[in-house]
Amino acid sequence: MVIVTVSTAFQPVLERIAEEVERTPGRGRSADYIPALAAYDPRRFGMAVAEPDGTVHGVGDWREPFSAQSVTKVYTLALDLAREGDALWEHVGREPSGTPFNSLVQLEYEDGIPRNPFINAGALVVTDRLHTRSGDAAGELLAFLRAESGNPGLDFDLEVAASQGAHGDRNAALAHFIASYGNIDNPVPVLLDQYFRQCSVAASCADLALATGFLARHGIRADGTRLLSRSQAKQVNAVMLTCGTYDAAGDFASRVGLPGKSGVGGGIVAVAPDRCTVCVWGPGLDKRGNSVAGVAALDRFAALTGLSVF
Ligand code: DON
């Protein structure tokens, strides 16, 4: 019988991965449909691992804030699920879309119910519902991220938010179309302002690895209080595994074998339940909007540590 050894000596693993990534040519392209993100050098790289007790290990640019973008969809989903429970799933599905993150095509023949909370359409619905319940979805997200990361300086990047607003026709189209089916409660301009600020959060790998810790602790926040039930934390992890990297989710699950969520700022967070959370940043993206270096680094992380949910 083959016994797989699970190594928890994270720091040497991170250093080895950073060296390998450094030697790899070709890193994809920074997101240019949001002009404020186009300036990122695709060769930047950082990676952090947070253990469930809050111990953090890191390499490269792991303390450098970058634009969290769609990684924030994990936290707004958790915050809304905590408030409204399973009723949320009547308004957004839990199935992979197999389409790009900003696609409109399924909405018409599925009556304005987005496939999942991680494509832009689904995230707009989640943010709308959280905004109705909290009175300030982006503010609730920011407070959560500051508390979980222990970083009171974590903030929105209003230049990025404005850049998204100025180039936001696709998200505006999604929001108006969903609203036409009655699946959005707030006025669309209010929702878009909330959504663009949410996406603009600037946070480091260390911040986001720590902020994702509640998913490795089955719903328990950094201060020991419960955000999600164990079953709800399972739901979020499962939707990350199946939908977190869009039309590349099958490939990501096969290569990495951990729930993961990407953003066009080049960040990806991943969860090894009970063991750790990881955040990696490399701004060069593949054509599906996932960080090239980030996916490669998580692939190596899973291989070198033996950590996988399978
Ligand atoms: O709404 C958008 O298009 C961006 N603010 C976020 C998209 C994103 O990060 C998709 N992730 N890979």
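Order of listing sets the numbers, starting from 1, for every ligand and every atom in it.
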Joint hydrophobic cluster, M240 plus F252, side-chain heavy atoms closer than 4.5 Å: no
Contact check: Y195 vs ligand 1, nitrogen or oxygen atoms, below 3.5 angstrom: yes
Lys/Arg-Asp/Glu bridge criterion (N-O < 4.0 Å) met for D155, R146: yes
Under-4.0 Å heavy-atom contact with ligand 1, by part of N171 that carries it: side chain
N/O separation below 3.5 Å, I34 to ligand 1: no
Salt bridge present between E51 and R217 (N-O < 4.0 angstrom): no
R170 contact mode with ligand 1 (heavy-atom cut-off under 4.0 Å): neither
Per-residue contact class, Y246 against ligand 1 - non-hydrogen pairs under 4.0 Å: side chain
Short side-chain donor-acceptor distance under 3.5 Å, D128 and H91: no
Nearest-neighbour protein heavy atom for atom 5 (N) of ligand 1, which is reported as residue plus atom name and distance: Q69 OE1, 2.6 Å
Closest approach of any protein heavy atom to atom 7 (C) of ligand 1, naming residue and atom: S70 OG, 2.9 Å
Parallel, tilted or perpendicular, as decided by the 30° and 60° cut-offs, for the rings of F301 and F10: parallel
